[in-house]
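Input: a single structure, listed below in structure tokens.
In this chain, numbering begins with 1 at the start of the sequence shown. This is a predicted model, so every value here is computed, not measured.
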Amino acid sequence: VGDRLLWNSWIWASRPDLSWSDWGEFDRFEIYVGVSADFVPNSLNYIGSTREYSFDVQGTGNYKVLAVSRVGYKSIYN
């Protein structure tokens with residue numbers, strides 16, 4: 001039995017009226033998993049993508065979700 005990652009639909013916490021689906025250039029979210037909280041997302045720890053605000057995962061780890069535009073620009077991670 002897995003878990004479901006959930007994240008906010010807001011682009012900015014200060015503007016809850018603007019969701020990712022409102023941004024015309026939004027394409028998808030990419031999900032990454034690492035052992036430590038400070039891991040860097042890359043092709044080796046990529047586990048999938050979705051256009052939804054949730055993603056089913058198996059196991060444990062530290063997860064990062066990056067927004068990706070239609071031309072491939074990715075959001076920053078922390």
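- Of all the heavy atoms in V65 and S75, the pair that sits closest is O-OG, 4.5 Å.
- In this structure W10 satisfies the ring pair (Phe, Tyr, Trp, His ring centres under 6.0 Å) test with no other residue, sequence neighbours excluded.
- Atom OH of Y53 is separated from atom CG of L6 by 13.0 Å, given to the nearest 0.5 angstrom.
- Pairs of residues two or more places apart, or lying in two chains, never qualify as salt bridge (Lys or Arg N to Asp or Glu O under 4.0 Å) while including a residue from residues 39-49.
- The shortest non-hydrogen separation linking I47 to F55 is O-CZ, 3.8 Å.
- The shortest non-hydrogen separation linking V33 to Y63 is CG2-CE2, 3.5 Å.
- Residues passing the salt bridge (Lys or Arg N to Asp or Glu O under 4.0 Å) test with D56 are R4, sequence neighbours excluded.
- By the 4.5 Å heavy-atom criterion applied to side chains, R51 and W20 are not counted as neighbours.
- In this structure, A67 and F26 approach most closely via the heavy-atom pair CB-CE1, 4.4 Å.
- Here R28 pairs with E30 under the salt bridge (Lys or Arg N to Asp or Glu O under 4.0 Å) rule; sequence neighbours left out.
- Residues D38 and K64 share a closest heavy-atom pair of C-NZ, 4.1 Å.
- For Y46, the ring pair (Phe, Tyr, Trp, His ring centres under 6.0 Å) partners two or more places apart in sequence, or in a different chain, are Y32.
- Here CD1 of I31 is found 9.0 Å from OG of S54. Values are rounded to the nearest 0.5 Å.
- Put simply, L66 and L44 are part of two different groups of oily side chains (I, L, V, M, F, W, Y) that touch within less than 4.5 Å, one to the next.
- Tracing side-chain contacts under 4.5 Å through hydrophobic residues (I, L, V, M, F, W, Y), one never reaches V71 starting from V68; they form parts of separate clusters.
- A continuous path of ILVMFWY side-chain contacts below 4.5 Å connects F29 to I11, so both sit in one hydrophobic cluster.
- Taking S19 as the reference, S21, D22 meet the side chain to side chain donor-acceptor pair (under 3.5 Å) condition, with sequence neighbours excluded.
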